[in-house]
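Have a look at the structure below, then the notes.
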Amino acid sequence: MTDTILDVREIDVFYASSHILFDVSFTARKGRTLALLGRNGAGKSTTMKAIMGVVPVRSGTICLGGAEIQSCTPHRVAQMGVGLVPEDRQVFPGHTVEDNLRIAMKPGSEGQTEWHMDNILSAFPLLERLMDRKAGMLSGGEQQLLAMARCLMGNPDVILLDEPSEGLAPIIVQQIDRLIRELRQTGITIILAEQNMHFCLGISDDAVVIDKGRIVYSDTIEALRKDEDVLSRYLAV
């Protein structure tokens, strides 16, 4: 498709001698939100790390806007327009919220600077009163919001959100839901790795299901909603 921004083709990933991803293939389209769904341990986080260059790809290709990135370092992938919000947030605990945001500040792949401090604080009002607080003193939900805001400070074209709702209070999950909906309106492409399909239903356009390191389903989120066999086989808890 001409609007494909990220094309993952038949990638295999190993941890030492353990084969983790098997011929994983899917595409993400510009300005759409794709939910990468699967149970815990299915391979969602490894897929995210492979796209970001954090773990090596043994075979296959990953193309961003037509350019192969599977051999690029993480900082180069970031420069090319991909941002990662990792599952464990990885804020800098000894630095303030403001420092965490400023560390990540950079223009986007085409020089865009839409996301700057004023816009970030407008989108994340909870962070404004926490700017002088060390990130390690924040709650889990506050750290998740900080990790998302830090990612946006790099003005990415594609955002990888790894389990953003996991273990968080409902009020924080609602804020993340709102933020993702707002981001969808800006033209950013979002890949959302989640166990919680219900969280994804209202905020995703497309869905890919991964099980035991293999893609077992790929369609729109609406089609997935109606596919009771896939839901019960791969996503039921």
Side-chain angles (χ1 to χ4, degrees), residues 6 8 11 13 15 20-21 24 26 28 32-55 62 74 77-78 82-93 100 104 124 126-127 135-136 138-152 154 156 158-184 188-218 221 224 230-231 234-237:
L6 187 72
V8 178
I11 65 168
V13 171
Y15 289 146
I20 306 299
L21 298 183
V24 166
F26 63 89
R32 293 173 70 88
T33 297
L34 182 146
L36 178 62
L37 295 160
R39 295 190 179 99
N40 189 35
K44 302 185 301 298
S45 292
T46 300
T47 301
M48 295 291 211
K49 291 175 182 177
I51 294 169
M52 199 69 213
V54 176
V55 297
I62 303 173
V77 175
V82 182
L84 171 66
V85 181
E87 181 181 12
D88 50 2
R89 295 149 197 158
Q90 295 183 17
V91 297
F92 299 105
N100 270 265
F124 297 82
L126 179 65
L127 296 180
L138 302 182
S139 70
E142 291 166 345
Q143 288 188 7
Q144 182 65 51
L145 293 175
L146 175 57
M148 291 180 66
R150 182 183 60 185
C151 177
L152 286 170
V158 178
I159 296 178
L160 309 177
L161 285 174
D162 195 356
E163 301 281 5
S165 73
E166 185 178 24
L168 300 183
I171 189 170
I172 297 294
V173 174
Q174 290 173 8
Q175 290 187 48
I176 293 172
D177 181 293
R178 173 186 60 80
L179 286 164
I180 293 173
R181 291 175 187 272
E182 291 175 357
L183 288 173
R184 290 174 68 193
I188 292 177
T189 302
I190 300 171
I191 301 178
L192 176 66
E194 267 288 346
Q195 295 183 62
N196 183 357
M197 189 197 74
H198 299 289
F199 173 73
C200 298
L201 285 177
I203 57 177
S204 301
D205 303 296
D206 305 302
V208 171
V209 179
I210 187 169
D211 183 65
K212 299 177 182 177
R214 300 179 187 274
I215 301 298
V216 295
Y217 183 88
S218 180
I221 198 77
L224 176 61
V230 171
L231 295 178
Y234 299 113
L235 300 175
V237 178

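Counting begins at 1 with the first residue of the sequence.
- Partner of T47 under the side chain to side chain contact (heavy atoms under 4.5 Å, CB included) criterion, out of V55, L36, V8, V13: L36 alone.
- Note that CD1 of I221 and SG of C200 are 6.0 Å apart. Values are rounded to the nearest 0.5 Å.
- Here the closest heavy-atom approach between residue P164 and residue L192 is recorded as CG-CD1, 3.3 Å.
- Listed for the R32 side chain is no donor-acceptor partner under 3.5 Å among the backbone atoms of S204.
- You'll find the side chain of L37 stays beyond 4.5 Å of the side chain of V208, heavy atoms only.
- With rounding to the nearest 0.5 Å, the separation of CZ in R178 from CD in Q174 is 10.5 Å.
- Looking at heavy atoms from C-beta onward, I210 lies in side-chain contact with L21 at the 4.5 angstrom threshold.
- Looking at E166, its side chain never comes within 3.5 Å of a backbone N or O of E163 through a donor-acceptor pair.
- Between K44 and E87 there is no salt bridge, since no side-chain N of the basic residue sits under 4.0 Å from a carboxylate O of the acidic one.
- When side chains are defined from C-beta on, L224 does not count as touching D206, because their heavy atoms never get closer than 4.5 Å.
- Of the N and O atoms on the side chains of N196 and E194, not one donor lies less than 3.5 Å from an acceptor on the other residue.
- Side chains of R89 and Q143: a donor-acceptor N/O pair is absent below 3.5 angstrom, by distance only.
- The pair R184-D205 counts as a salt bridge, with a side-chain nitrogen and a carboxylate oxygen less than 4.0 angstrom apart.
- For the atom pair Q175 CD and L168 CG, the distance stands at 10.5 Å (nearest 0.5 Å).
- With rounding to the nearest 0.5 Å, the separation of CG in D162 from CG in D88 is 8.5 Å.
- Counting heavy atoms from C-beta outward, I159 and T189 have side chains that stay 4.5 Å or more apart.
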Taking it one step at a time, do V230 and V216 satisfy side-chain contact (heavy atoms from CB on, under 4.5 Å)?
CA-CA 9 Å; V230 171; V216 295; 5.7 Å; no
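- Here the side chains of F124 and M148 are in contact, with some heavy-atom distance below 4.5 Å.
- Side chains of I188 and V158 form no contact here, defined as non-hydrogen atoms less than 4.5 Å apart.
- A donor-acceptor pair under 3.5 Å is formed between the side chain of R181 and the backbone N or O of G202.
- Taking the side chain as every heavy atom from C-beta outward, F92 and L146 never approach each other to under 4.5 Å.
- Pairing each heavy atom of S165 with each of V173, the nearest pair is O-CG2, 4.0 Å.
- For the pair D211 (side chain) and Y234 (backbone), a donor-acceptor distance under 3.5 Å is absent.
- Summarising the geometry, atom CD belonging to Q195 is positioned 10.0 Å from atom CG belonging to L235; distances are rounded to the nearest 0.5 Å.
- The shortest heavy-atom contact between V91 and A135 is CG2-CB, 3.8 Å.
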Checking side-chain contact (heavy atoms from CB on, under 4.5 Å) for the pair I180/L161: CA distance, chi angles, key distance, verdict?
CA-CA 10 Å; I180 293 173; L161 285 174; 3.7 Å; yes
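- In summary, of the residues considered (I190, L84, V77), a side chain to side chain contact (heavy atoms under 4.5 Å, CB included) with L160 occurs for L84 alone.
- Residues I62 and I11 are in side-chain contact: their nearest non-hydrogen atoms beyond the backbone lie under 4.5 Å apart.
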